[in-house]
Chemist: 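Let me give you the structure first, and then I'll get to my questions.
As the structure lists them, so they are numbered: ligands from 1, and atoms in each ligand from 1.
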Amino acid sequence: MNDKIWLSSPHMGGNELKYIHEAFDENWVAPLGPNVNEFEKSIERYLDANVQVAALSAGTAALHLALIECGVGYGDEVICQSMTFSASANPIAYQGAIPVFVDSEEDTWNICPTALEEAINDRIAKGKKPKAIVAVHLYGMPFNVDEVMAVANKYEIPVIEDAAEALGSTYKGKACGTFGRFGVLSFNGNKIITTSGGGALVCHSEEDKNKAVFLSTQARDNAPHYQHSHIGYNYRMSNICAGIGRGQMEVLNQRVEARRAMTKFYIDLFKDIPGVKVLVEPNSDYFSNHWLAAITIDPKIAGFTREDLRLGLAEENIESRPLWKPMHLQPIFKDSPYYGNSIAERLFENGLCLPSGTNLDDGQLSRILVSIRNIATK
Ligand SMILES: *Cc1c(COP(=O)(O)O)cnc(C)c1O
């Protein structure tokens with residue numbers, strides 16, 4: 001059997017171990033220290049905005065703290081893009097709040113601004129104004145920032161920007177993660193860069209960042225003994241993980257270029273295969289890091305389904321994966337309200353993510369190419 005080709009695997013830059021050694025040499029083996037501080041600063045410089053970043057144990061933790069800082073509590077409603085990974089929605093439930101799911105638009109696959117406004121109006125008519133909006137830059141593709149922010153601002157609802165998949169993406173030249181009241185990043189092992197596990201909350205004031213750090217370190221009041229007037233969390237990033245992050249930030253631009261080259265590889269490959277569309281930017285306002293290359297297949301034109309392709313690749317030991325199953329179709333969220341049509345459902349039915357790692361060699365790329373051509377022409 002050929003070696004396994006993964007959808008997306010960690011790709012070290014070279015300096016990660018140096019920063020980990022520094023942590024050991026200085027005995028900063030703790031959830032604080034120079035690597036944490038420097039990692040935060042390097043993200044702030046990269047996003048190139050007046051942002052303050054708090055490094056955390058996971059992107060999910062960042063989403064949870066963002067909701068808390070937006071004042072989301074028991075019984076509140078929070079709007080969330082339906083087409084996403086469950087981590088976008090689960091923290092809403094942690095707060096005892098109710099997610100209200102919204103469909104995608106065709107061109108970015110992200111939250112549809114029209115369905116969003118319809119949802120807000122209907123929830124207000126039913127007696128509750130949503131407390132926050134979780135919008136996601138799926139697979140690195142920016143959502144329609146201008147229109148989504150216009151709707152959010154019109155109703156004065158804060159946006160939590162889930163940029164877990166979109167570090168390195170921009171909209172009109174501005175970094176994803178910097179548009180909302182809060183931005184969320186993830187450094188899980190499968191993301192464009194990794195700290196093995198980790199995340200960050202992007203804030204727009206010192207006060208918001210300090211509050212995130214306070215909550216993420218057990219909410220300890222300023223006193224010589226342990227005094228608590230808030231419920232706290234253990235969500236801070238380890239100084240060892242942050243060392244990996246420092247090394248990864250040094251190669252982030254190269255990783256973005258390489259991911260984009262992977263999507264280009266699939267665009268070329270599918271040029272001659274009718275009925276298959278690769279997810280690309282709708283226009284030059286959008287710049288995607290193309291974290292995962294994603295396609296939709298029209299089986300009537302292509303003559304094969306996404307399952308035909310997925311199973312055919314699996315036989316060759318090549319991993320591929322259906323698009324995120326929309327949250328409004330998930331058993332855990334079956335009672336939550338949903339607004340929109342069936343765009344997310346159709347994307348799920350016909351969509352597939354293809355291997356997009358930045359460390360694939362020419363031999364692996366040609367295995368992918370040959371396998372897909374064989375399945376498509378069978
Ligand atoms: C990965 C991911 C998260 C969660 O990040 P973790 O660091 O794994 O907790 C949240 N939202 C989306 C869209 C993601 O892809």
Chemist: What are the atoms of ligand 1, with element, lying closer than 4.0 Å to any heavy atom of Ser186?
Modeler: 1 (C), 5 (O), 6 (P), 7 (O), 8 (O)
Chemist: For ligand 1, is any non-hydrogen atom under 4.0 Å from Val136's backbone (N, CA, C, O), its side chain (CB onward), both, or neither?
Modeler: side chain
Chemist: Side chain or backbone, does Gly59 bring an N or O within less than 3.5 Å of an N or O on ligand 1?
Modeler: yes
Chemist: Testing Leu354, Ile295, Leu292 one by one against Ser320 for a side chain to side chain contact (heavy atoms under 4.5 Å, CB included), which residue passes?
Modeler: Leu354
Chemist: Pull out every atom of ligand 1 sitting under 4.0 Å from any heavy atom of Ala87, numbered as shown with elements.
Modeler: 3 (C), 4 (C), 10 (C)
Chemist: Which atoms of ligand 1 sit under 4.0 Å from any heavy atom of Thr60?
Modeler: 4 (C), 5 (O), 6 (P), 9 (O)
Chemist: For the ring pair Tyr339 and Phe101, is the centre-to-centre distance below 6.0 Å?
Modeler: no
Chemist: Is it true that Arg259 and Ser8 share a donor-acceptor pair across their side chains at a distance under 3.5 Å?
Modeler: yes
Chemist: Can you list the atoms of ligand 1 that are under 4.0 Å from a heavy atom of Phe85?
Modeler: 2 (C), 3 (C), 14 (C)
Chemist: Quick one: does ligand 1 sit under 4.0 Å from the side chain of Ala58, the backbone, both or neither, non-hydrogen atoms only?
Modeler: both
Chemist: Determine whether any heavy atom of Gly197 lies closer than 4.0 Å to an atom of ligand 1.
Modeler: no
Chemist: So that I know where these two stand, are Phe187 and Phe39 an aromatic pair - ring centroids less than 6.0 Å apart?
Modeler: yes
Chemist: With a 6.0 Å cut-off on ring centres, are Phe214 and His230 close enough?
Modeler: yes
